[in-house]
Amino acid sequence: MGVPTRADLAGIPDYIIPGRPPGAILLNSNEGSLPPLPAIVEAVARAAAGGNRYPQWSSEDLVARLACALEVPESWVAIGCGSVSLCQQLIQAYCAPGDEVLCAWRSFEAYPVFARVAGVRARTVALDAGHRHDLAAMADAVSPSTRVVFVCNPNNPTGTAVGSRELRDFVARIPGDVLVVLDEAYREFVTDPDVPDGLRLAREHENVAVLRTFSKAYGLAGVRVGYCVAAPAVVSAVNKVAVPFAVSGPAQAAATAALAHTAEVSERCRAVTAERERVRHRLMAAGLSVPASQANFLWLPLGDRSADFAGFCADRAVVVRRFEDEGVRVTVGAREDNDVFVRAAEEYAAAECPN
Ligand code: PMP
């Protein structure tokens, strides 16, 4: 009969492993389409040559470089094995069984899963009609059990973002003993000047933590480095629950080297955001509804047509990510790959509503 797991594990969904059919165009995981810059690959190779030694305990060199770049003290920065790991660490550090984590829905799927893994209730608040966080409803939903609130800005999977004023009003309404986690995994793709830089809020409120990652804009999803910027008490709590040496030496070296190439990274992000707008306008011209995105992906709220659309794309060797009967998320990739996707979407829309 085997060893029984804890009883509630059966209720926790398995992670959806993204499909990667050979030769397919992968627009399903919000990855960068370009390989890391050569200087970063060299830094990884150099660090791998010292792989017989354990890495730095808390990524001290990287923390120093990030603190300098972000203009915060080193005590304000924690490094994680991807920012997803930091999401889990924050829940572990701040929540005990019976407590509650609050997030929008649909938003990043890891939040409710990590809550349940920690024996914590996940409470969700529906996005508004514009597929954006309903921050007023979220503030209303905070209860005495709420310990952590996630605000994913821009939101995965919808790409929508909240503005400065509404986020400030929201943070002002959250009790000081509740941690607000601003997940800014896609921050570097924001082009709307009204979308706030969470670091400013973190500097002003000791209950605000910001999460960012090297996975998206820096094209290092496979290397696994993310970071948390928050008041020192939050950083030390996050570090306390970390798996020792989870951030490998090559990962630390990659991120440290990447910080010396921010101009190239920004240029890559500009190309992605220009493509995002081009693709969005082509999709809308084909009659599809696509909310404005501030991330490196677009959201098609196709409802019960989502599976059909994703299947239609897959038949044309384009892998997109379907979210049940809600919609499809498509990553902005290389121009020629986006064109293959757009042609598939145009064909789908034309077949659906022939003129
Ligand atoms: N937050 C959000 C909103 C994400 O979409 C992702 C990745 N899909 C992550 C965090 C985690 O990214 P990583 O662990 O690669 O840094």
Side-chain angles (χ1 to χ4, degrees), residues 15-20 26-33 36 59 62 66 77-92 101-115 117 122 124 127 131-133 148-162 180-190 195 198 209-230 238 242-243 246-248 250-252 254-255 258 265 272 276 293-299 319-323 327-333:
Y15 186 78
I16 297 171
I17 298 158
R20 293 186 181 269
L26 302 175
L27 301 180
N28 56 335
S29 291
N30 299 345
E31 299 153 325
S33 60
S59 313
L62 175 55
L66 266 173
V77 182
I79 309 296
C81 177
S83 58
V84 75
S85 160
L86 294 160
C87 293
Q88 184 165 38
Q89 286 166 246
L90 285 163
I91 291 174
Q92 276 183 321
V101 164
L102 185 66
C103 64
W105 201 252
R106 195 169 267 278
S107 188
F108 186 34
E109 298 150 295
Y111 310 143
V113 172
F114 287 153
V117 169
T124 57
L127 297 174
H131 313 283
R132 303 164 73 249
H133 279 62
V148 174
V149 183
F150 283 96
V151 176
C152 187
N153 204 35
N155 186 45
N156 175 12
T158 57
T160 51
V162 294
V180 177
V181 180
L182 302 179
D183 184 342
E184 297 189 336
Y186 301 96
R187 166 74 205 168
E188 294 86 348
F189 302 102
V190 168
V195 176
V210 174
L211 296 182
R212 293 195 181 165
T213 181
F214 286 89
S215 294
K216 311 294 179 182
Y218 290 83
L220 293 173
V223 180
R224 313 301 306 130
V225 204
Y227 57 97
C228 173
V229 183
V238 160
V243 171
V247 187
S248 73
Q252 294 182 31
V265 170
V272 169
R276 175 182 79 202
S293 169
Q294 292 294 304
N296 67 340
F297 53 85
L298 293 165
W299 174 245
V319 186
V320 296
R321 176 72 203 278
R322 170 171 79 100
F323 290 83
V328 166
R329 187 191 68 197
V330 57
T331 307
V332 177

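In this chain, residues are counted from 1 in sequence order. All ligand and atom numbering here is 1-based and tracks the order in the structure. Bear in mind that the values here come from a model prediction, so they are computed numbers and not experimental data.
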- Item | Heavy-atom nearest neighbour in the protein, as seen from atom 6 (C) of ligand 1, with distance rounded to 0.1 Å | F108 CZ, 3.5 Å

- Query: Numbering the atoms of ligand 1 from 1, which are under 4.0 Å from a heavy atom of G82?
  - Reply: 13 (P), 14 (O), 16 (O)

- Query: Is the side chain of R276 donor-acceptor paired with the backbone N or O of S293 at a distance under 3.5 Å, no angle test?
  - Reply: yes

- Message: I'd like to check whether S85 has a polar contact with ligand 1, where a contact means an N/O of the residue lying under 3.5 Å from an N/O of the ligand.
- Response: no

- What is the nearest protein non-hydrogen atom to atom 7 (C) of ligand 1, stated with its residue, atom name and distance? K216 NZ, 3.4 Å

- Task: Say whether S83, considering both its backbone and side-chain N or O atoms, lies within less than 3.5 Å of an N or O atom on ligand 1.
- Result: yes

- Report yes if the side chains of P112 and C103 come closer than 4.5 Å at any heavy-atom pair, otherwise no. yes

- Message: Show me which atoms of ligand 1 lie under 4.0 Å from any heavy atom of R224.
- Response: 13 (P), 14 (O), 15 (O)

- Query: Is there side-chain contact between N156 and F297, with heavy atoms separated by less than 4.5 Å?
  - Reply: yes

- Taking the side chain as every heavy atom from C-beta outward, state whether V84 and F108 have any pair of such atoms under 4.5 Å apart. yes

- Query: When you look for heavy atoms under 4.0 Å from ligand 1, do you find them on the side chain of N156, its backbone, both, or neither?
  - Reply: side chain

- Query: With side chains defined as the heavy atoms from C-beta onward, is the minimum distance between Q88 and I91 less than 4.5 Å?
  - Reply: no

- Task: Would you mind listing which atoms of ligand 1 come within a distance below 4.0 Å of any non-hydrogen atom of C152?
- Result: 3 (C)

- Note on the structure: Of all protein heavy atoms, the one nearest atom 16 (O) of ligand 1 is T213 OG1, 2.5 Å

- Query: Do the rings of Y111 and F150 sit parallel, tilted or perpendicular, given the 30° and 60° boundaries?
  - Reply: parallel

- Query: Does the side chain of V243 reach to within under 4.5 Å of the side chain of C81, using non-hydrogen atoms?
  - Reply: no

- Note on the structure: The protein heavy atom nearest to atom 4 (C) of ligand 1 is Y186 OH, 3.6 Å

- Shortest protein contact, atom 15 (O) of ligand 1 (heavy atom only): S215 OG, 2.6 Å

- Query: Under 3.5 Å, N or O to N or O, is N30 touching ligand 1 that way?
  - Reply: no

- G333 backbone acceptor or donor facing T331 side chain under 3.5 Å: no

- Report the nearest protein non-hydrogen atom to atom 1 (N) of ligand 1: residue, atom name, distance rounded to 0.1 Å. D183 OD2, 2.6 Å

- Test E109 against R321 for salt bridge (charged side-chain N to carboxylate O under 4.0 Å, His left out), laying out the working first. CA-CA 13 Å; E109 298 150 295; R321 176 72 203 278; 2.7 Å; yes

